[in-house]
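Chain letters run A, B, ... following the sequence lines, proteins first and then strands; every chain starts at 1.
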Number of protein chains: 2
Amino acid sequence: MSSIKDVAKLSGVSVTTVSRVMNNRGYIGKETRSRVEKAMQELDYQPNQIARSLQRSRSGLIGVIVPDLAHPFFSELINEIEAYANARHYKIIICNSVHDAEKEANYINMLRQNRADGIIVCSHTLSTEKYEHEEMPVISFDRVISPSIPYVASDNYQGGEIATKHLIEGGCKKILHISGPLEYDLLANRRKDAFELTAMKAGISYMSLEGAYIEATFEDNYKFIEEHISAVLENYDGIFCSNDLLAYALYVYASRHHIRVPEELKIIGYDNHSFTRMLQTPRLTTIQQPLDKLGEALAFSLISNIERQADGKHNQNIVLDVQLIKGDTT
Amino acid sequence: MSSIKDVAKLSGVSVTTVSRVMNNRGYIGKETRSRVEKAMQELDYQPNQIARSLQRSRSGLIGVIVPDLAHPFFSELINEIEAYANARHYKIIICNSVHDAEKEANYINMLRQNRADGIIVCSHTLSTEKYEHEEMPVISFDRVISPSIPYVASDNYQGGEIATKHLIEGGCKKILHISGPLEYDLLANRRKDAFELTAMKAGISYMSLEGAYIEATFEDNYKFIEEHISAVLENYDGIFCSNDLLAYALYVYASRHHIRVPEELKIIGYDNHSFTRMLQTPRLTTIQQPLDKLGEALAFSLISNIERQADGKHNQNIVLDVQLIKGDTT
DNA sequence: ACAATTTATGAAAACGTTAACTTATACTAT
DNA sequence: ATAGTATAAGTTAACGTTTTCATAAATTGT
């Protein structure tokens with residue numbers, strides 16, 4: 001592949017001049033410019049970004065760390081991140097931590113060595129310390145890592161409140177919430193707080209159960225329902241699941257056991273990602289996280305941070321509104 | 001961030017020696033090695049991969065071009081590609097062509113400029129010429145681009161045959177196939193060939209309809225069914241859809257119009273990606289493409305090509321077996 | 001005892017850019 | 001006419017590595 005030197009030689013100028021033509025910097029004679037441009041065309045010259053990166057010490061690379069790339073939630077989120085980043089000429093390197101702290105640490109190291117310009121962390125395995133002292137700009141999704149690391153999230157408390165109120169307004173008297181695993185301090189846990197507070201305020205009988213970490217497969221979710229929920233299921237007439245895949249498994253469990261949804265049992269999920277939107281049998285009632293805006297906010301926030309002027313206003317957290325999607329299960 | 005020079009200075013040796021310690025090349029004194037290693041630790045030294053890439057003219061970057069990152073088929077495929085590539089110390093840059101030829105061309109340019117080591121093309125917009133004369137190793141998914149570019153695919157003819165036979169064996173007398181768009185010469189079109197040949201051989205009444213390109217949303221698929229299929233639906237008792245999302249939309253259409261599946265109409269899809277595996281209402285009968293093996297084969301094939309020794313055996317196409325998944329719709 | 005080899009290290013060039021200095025000519029204003 | 005500036009282009013160092021070449025001491029073989 002031809003280099004700037006080849007272009008310089010062919011057009012009979014110095015490499016500096018070629019560089020100036022490329023970057024439109026400084027003065028260039030009209031005729032010189034066209035000679036250089038012709039040479040670039042002739043050689044199909046592609047400026048070497050690696051050399052540029054080394055020189056400018058900016059790689060244009062953004063690492064996105066997710067726990068599971070094939071999960072509809074994260075694939076959609078990455079889709080949005082990539083679109084925004086691409087429009088701003090950043091490249092996305094995907095890092096699939098597979099819920100494994102060691103893998104995550106390796107990815108961070110890799111991103112350091114490749115001088116990535118920043119990291120978006122959507123994974124929640126690693127103890128947060130590794131990020132706290134990171135030199136690269138980091139944006140976190142749905143988690144408070146440290147005061148210096150901005151996060152982007154949807155309003156989990158609001159979501160929990162809307163979901164709970166929806167059940168209560170639907171006439172539920174005994175409601176259950178199945179949360180995500182609580183061991184990490186995720187903002188998603190605010191859904192549980194909202195559930196409990198809202199139920200309490202309404203004077204309704206309620207209960208919260210902690211969900212385990214579950215692979216995004218139907219079988220795992222169904223097994224969880226069988227093992228941890230089935231025994232207490234008859235005690236409730238409304239269940240708020242912290243994610244749609246679990247809610248769907250619960251629905252399937254209920255229909256297989258001839259519990260009529262929504263008449264005997266109302267189910268509301270959370271996320272409304274592509275799986276849920278595709279699903280029509282039943283259309284799940286759920287809380288929609290604005291995945292498009294979340295992805296955009298993550299990319300926007302990180303890039304502003306990378307390119308920040310010295311005005312210091314780039315460390316703001318972003319919290320976005322959620323929305324009730326009324327389906328057939330409530 | 002500290003460089004090799006800092007390490008050299010701190011340990012009182014030359015940069016060459018530090019480089020030798022890192023890469024385990026040449027002779028190094030025992031005591032020197034430990035001094036250097038201590039210095040690297042002390043400085044939290046991270047070798048600059050950008051500089052390495054420039055020097056070695058190998059970036060370790062692989063570009064993966066897909067039409068839609070959020071589609072369950074592609075997100076799963078990328079997941080597998082990434083896993084295999086990561087184990088071999090390659091990094092994946094994702095390129096979302098959004099079915100747009102211009103965007104695709106821009107991505108290819110970007111990958112050229114970043115001196116990516118190779119490209120995996122799962123997108124099918126661009127006229128194939130742009131790839132034919134590409135210097136980088138290219139592997140194509142499900143499409144013949146040129147004799148010099150190996151492809152990876154599952155056995156589409158086999159899949160079409162299995163699906164068609166399954167319908168016939170289930171007692172269908174008048175069968176329909178809805179293919180993907182035929183304008184690109186994709187290997188997926190072999191499913192149609194198989195359908196027609198198998199039906200003909202069996203002496204069964206059959207018909208093929210060309211599907212349009214459809215966004216991976218329920219609404220688009222449903223609209224397609226309404227506009228192009230509903231009018232002729234009653235003529236058939238078995239339909240083979242070229243993808244699961246369309247098959248599901250068809251199922252929903254049928255149940256909304258009180259056509260009993262599978263009694264009056266049998267439906268078989270294609271792919272068995274994460275959406276289909278998650279879906280239990282109904283469990284769709286479908287042909288499973290081995291996404292895990294396909295992803296691995298793509299990555300393996302590309303990487304062998306990148307690192308090829310001069311034995312010339314690296315341009316082989318890979319075709320993998322598919323499998324019938326019997327669900328409730330046949 | 002002395003040549004050959006093994007071991008250990010360093011200096012300098014190269015990879016492909018950009019940026020900070022130079023140099024030189026042509027125009028402009030007084 | 002002459003200093004000042006706008007225009008045009010080249011030289012060279014730098015970014016952080018690896019690699020080739022060179023040098024020298026220590027070890028080995030006869």
**D/dG10 OP1/OP2 closer than 4.0 Å to side-chain N/O of A/Thr17** = yes
**Counterpart residues, side-chain contact (heavy atoms from CB on, under 4.5 Å), relative to B/Val15 (two or more places apart)** = B/Ile4, B/Lys5, B/Ala8
**Euclidean distance, atom NZ of residue A/Lys9 to atom C1' of C/dG16 [Å, nearest integer]** = 14 Å
**Donor-acceptor under 3.5 Å (B/Asn317 side chain, B/Tyr151 main chain)** = yes
**Prompt:** Does B/Tyr27 make a side-chain N or O approach to OP1 or OP2 of C/dT7 shorter than 4.0 Å?
**Reply:** yes
**Message:** Near DNA chain C, counting only heavy atoms under 4.0 Å, which residues of residues 29-40 of chain B show up?
**Reply:** B/Gly29, B/Thr32
Pair up each side-chain donor or acceptor in residues 77-85 of chain A with any protein partner under 3.5 Å, not counting sequence neighbours, and list the distances.
| from | atom 1 | to | atom 2 | distance (Å) |
| --- | --- | --- | --- | --- |
| A/Asn79 | OD1 | B/Asn96 | ND2 | 2.2 |
| A/Glu82 | OE1 | B/Tyr107 | OH | 3.1 |
| A/Glu82 | OE2 | B/Tyr107 | OH | 2.5 |

**Asked** Is there a donor-acceptor contact under 3.5 Å from the side chain of A/Asn23 to the main chain of A/Arg25?
**Response** no
**Item:** Global bending angle along the helix from C/dA1-D/dT30 to C/dT30-D/dA1, which compares the axes of five pairs at either end, to 10 degrees
**Value:** 40°
**Asked** When the ring planes of A/His99 and A/Tyr213 are compared, do they come out parallel, tilted or perpendicular, using 30° and 60° as the limits?
**Response** tilted
**Item:** Whether A/Phe73 and A/Phe141 hold their rings parallel, tilted or perpendicular, with breakpoints at 30° and 60°
**Value:** tilted
**Item:** Rounded distance (Å) that lies between atom P of C/dG16 and atom CG of A/Leu43
**Value:** 13 Å
**Asked** Thinking salt bridges, do B/Arg88 and B/Glu307 make one under a 4.0 Å N-O criterion?
**Response** yes
**Asked** Donor-acceptor pair, B/Ser123 side chain versus B/Ser97 backbone, under 3.5 Å?
**Response** no
**Message:** Once salt bridge (charged side-chain N to carboxylate O under 4.0 Å, His left out) is applied, do any residues pair with B/Arg35, and if so which ones, sequence neighbours excluded?
**Reply:** B/Glu31
**Fill in**
The contact string for nucleotides 13-18 of chain D, one letter per nucleotide 5' to 3', using protein heavy atoms under 4.0 Å with B, S and - for base, sugar-phosphate only and none, comes out as -BBBBB
**Prompt:** Does any N or O in the side chain of B/Asp117 come within less than 3.5 Å of the main-chain N or O of B/Gly60, such that one atom is a donor and the other an acceptor?
**Reply:** yes
